[in-house]
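The model shown is predicted, which means the values in this text are computed figures rather than measured ones. Nothing fancy with the numbering, it's 1 onward along the sequence.
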Amino acid sequence: MAEKEKTYVEDVDRSLYDFRNEDKDNYRLQAGLDPAIVEKISEEKKDPEWMRQFRMESLEIYNRMGVPDWGPSIDGLDMDHIVTYVRPNTRMSAKWSEVPEEIKDTFEKLGIPQAERESLAGVGAQYDSELVYHNVREEVAAQGVIYTDLESAIRGEHGDRYAQMIRDHFMHLVTPRDHKFAALHGAVWSGGSFVYVPPGVSVEIPLQSYFRLNAPGAGQFEHTLILVDEGASLHFIEGCSAPKYNVANLHAGCVELFVGKNAKLRYSTIENWSKNMYNLNTKRATVAEGGTMEWVSGSFGSHVSYLYPMTILRGENSHMEFTGITFAGRGQNLDTGAKVVHAGKNTTSYINTKSISKDGGISTFRSSVVIGEQAKHSKAAVSCQSLMLDEVSRSDTIPAMDIRTPYADVGHEAKIGRISDDAVFYLMSRGISEEDARAMIVSGFADNVSKELPLEYAVEMNNLIQLEMKGSIG
């Protein structure tokens with residue numbers, strides 16, 4: 001008997017990502033957060049003295065700051081029960097054959113080696129608090145591109161120039177004083193990547209970092225720092241997943257992006273954290289004259305998310321685009337969006353998001369557009385559309401505009417609604433079943449956003465936007 005086709009929209013199928021490894025061989029610090037724990041992390045990382053001091057200062061700031069009270073509740077997150085550092089029983093390797101079998105098996109299941117062989121210029125794979133694998137193609141390295149783990153670069157293992165470059169930029173865009181979880185990140189950060197693209201170099205195929213959190217009750221605090229120099233270009237892909245546990249996990253990573261004069265950076269993220277995850281990530285970019293910053297974001301997982309990538313258009317004629325899609329299912333409260341600050345003249349930005357909520361899921365879109373007094377003749381447009389698939393789901397849009405000059409062109413469009421009965425009726429009148437009609441409408445709703453996701457590169461993420469309906473989104 002042929003398997004019955006699914007003609008309704010289900011939750012995202014996460015079965016591919018819910019396998020887990022025993023972590024009995026891992027080294028982990030005790031749960032909680034105090035100076036001794038931060039000192040131990042610094043010791044494990046072999047930090048230079050300036051970084052050790054930075055961690056301790058960040059901890060002091062963390063202890064003084066309050067928890068955000070304006071977004072979804074994070075009362076279920078208790079730092080006394082979060083382990084801030086878990087080290088897998090391995091060292092980082094540039095050879096896939098040297099990665100331990102159980103960790104290698106994890107990334108094989110997720111498709112990382114296949115993706116690297118087929119279409120990636122370089123890959124970094126982080127497992128819990130440590131990078132376990134990092135590799136970059138010879139032809140890319142020959143262009144002078146640096147793509148390595150952040151920690152070894154800080155210690156000067158790739159030259160004093162890059163160590164100083166990191167010190168000059170690390171948590172200068174996102175500072176520990178920005179909010180409590182930025183301060184937490186500054187204190188306990190671990191892992192992550194450093195990328196430098198020299199002037200005029202175009203990296204034709206993407207680099208990718210993949211973050212896997214296997215340990216229950218743990219946090220992951222990777223830091224990504226990318227510098228794209230004048231006239232250079234890069235596409236960077238970030239993927240995240242974790243198995244589901246019945247205890248809270250925390251992700252409080254940080255991304256800092258510096259786009260030089262006439263340079264271009266596309267930063268694509270596909271997050272599929274499990275539904276016990278609190279995703280409190282902070283991402284920020286600054287763009288010089290004539291530069292372009294493109295964000296592509298797919299948010300499909302976590303219990304609660306606070307995620308609003310921010311772009312500062314400092315240079316004249318700089319440009320930003322943000323494209324995002326969010327899927328909130330049962331037990332999920334995803335608070336996402338984007339921020340942009342126009343500081344230079346003739347700057348332009350476009351924010352375009354789609355969200356889908358079902359089974360009681362809550363999706364909130366927040367945007368902030370600031371056009372400064374000096375940013376004359378700038379243009380900004382925001383478009384957010386939300387689709388609720390049932391009577392119990394919820395969707396909100398919360399846009400903010402702060403325009404300090406009359407010489408600007410700003411537009412905002414928001415649409416929230418359920419599937420139109422008229423549209424369903426029209427399709428049914430053309431001989432299409434009701435279930436097929438609803439599936440077609442959802443697919444069409446998400447198409448112009450989902451097609452921007454880097455599916456041709458991030459092979460292991462393809463299943464995320466297949467919403468188990470007849471006809472797939474994407």
Side-chain angles (χ1 to χ4, degrees), residues 145 147 169 171-174 178 192-204 206-209 223-238 253-271 281-299 307-325 336-353 366-372 374-375 377-384 408 410 449 452-454 457:
V145 175
Y147 178 39
H169 292 86
M171 293 204 79
H172 283 216
L173 261 184
V174 178
D178 283 10
S193 296
F194 170 61
V195 181
Y196 173 69
V197 184
V201 171
S202 178
V203 182
E204 298 296 336
L207 303 177
Q208 172 164 336
S209 281
H223 193 100
T224 301
L225 178 61
I226 300 178
L227 286 73
V228 183
D229 217 325
E230 182 174 348
S233 66
L234 172 70
H235 182 191
F236 191 89
I237 302 171
E238 172 188 78
C254 181
V255 174
E256 295 184 290
L257 310 174
F258 294 82
V259 182
K261 182 178 179 180
N262 297 322
K264 180 178 180 180
L265 173 59
R266 169 173 276 216
Y267 195 93
S268 300
T269 304
I270 304 180
E271 295 187 338
N281 214 4
T282 307
K283 302 181 179 184
R284 195 163 298 167
T286 181
V287 188
E289 178 185 348
T292 297
M293 179 69 219
E294 296 178 352
W295 301 91
V296 180
S297 178
S299 297
L307 183 60
Y308 326 97
M310 178 179 181
T311 307
I312 303 169
L313 297 173
R314 294 194 188 279
E316 293 186 16
N317 300 301
S318 54
H319 175 69
M320 183 278 283
E321 291 186 23
F322 178 90
T323 303
I325 184 166
T336 64
K339 305 177 186 178
V340 60
V341 175
H342 293 254
K345 296 178 182 178
N346 300 305
T347 51
T348 55
S349 67
Y350 178 50
I351 297 172
N352 178 30
T353 68
R366 296 180 196 267
S367 66
S368 172
V369 176
V370 178
I371 298 184
Q374 304 302 318
H377 309 298
S378 292
K379 296 181 180 180
V382 179
S383 174
C384 56
V410 182
V449 172
E452 294 294 330
L453 296 173
Y457 304 116

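Between Val370 and Ser368, some side-chain heavy-atom pair lies under the 4.5 Å cut-off. Taking the side chain as every heavy atom from C-beta outward, Val340 and Val369 approach each other to under 4.5 Å.
The distance from the CG atom of Leu227 to the CZ atom of Phe194 is 5.5 Å, given to the nearest 0.5 Å. Taken to the nearest 0.5 Å, the CZ atom of Arg266 stands 11.5 Å off from the CG atom of Leu234. Expressed to the nearest 0.5 Å, how far CD of Glu238 lies from OG of Ser297 amounts to 9.0 Å. Considering CE of Met310 and CE of Met320, their distance stands at 10.0 Å, rounded to 0.5 Å. Interatomic distance, CD1 of Ile312 versus NZ of Lys339, reported as 10.0 Å (0.5 Å rounding). Distance CG/Leu257 to CE/Met293: 5.0 Å, rounded to 0.5 Å.
Scanning both residues, His342 and Ala380, for their nearest heavy atoms gives NE2-CB, 3.8 Å. Pairing each heavy atom of Pro198 with each of Ala232, the nearest pair is O-CB, 3.3 Å. The shortest heavy-atom contact between Ser318 and Ala288 is CB-O, 3.5 Å.
Looking only at distances, a side-chain donor or acceptor of Ser378 sits under 3.5 Å from a matching main-chain atom of Thr347. Checked by atom type and distance alone, the side chain of His319 pairs as donor or acceptor with a backbone atom of Thr348 at under 3.5 Å. Side-chain atoms of Glu256 come within 3.5 Å of backbone N or O of Met171 as a donor-acceptor pair. Under a 3.5 Å cut-off, the side chain of Asn281 and the backbone N or O of Leu307 do not form any donor-acceptor pair.
The aromatic rings of Trp295 and Phe322 are tilted relative to each other, their planes meeting at an angle between 30° and 60°.
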Task: Trace of the side chain to side chain contact (heavy atoms under 4.5 Å, CB included) decision for Phe258 with Leu265 - done: CA-CA 9 Å; Phe258 294 82; Leu265 173 59; over 6 Å; no
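Contacts of Glu289 classified as side-chain hydrogen bond (donor to acceptor under 3.5 Å, both in side chains), with partners at least two apart in sequence or in another chain: none. His169 meets the side-chain hydrogen bond (donor to acceptor under 3.5 Å, both in side chains) test with no other residue; sequence neighbours excluded. Listed by chain and number, the residues in a salt bridge (charged side-chain N to carboxylate O under 4.0 Å, His left out) with Arg284 are Asp178 (sequence neighbours excluded).
Applying side-chain contact (heavy atoms from CB on, under 4.5 Å) to Val197 and the options Asp229, Val203, Ile226 leaves one that passes, Val203.
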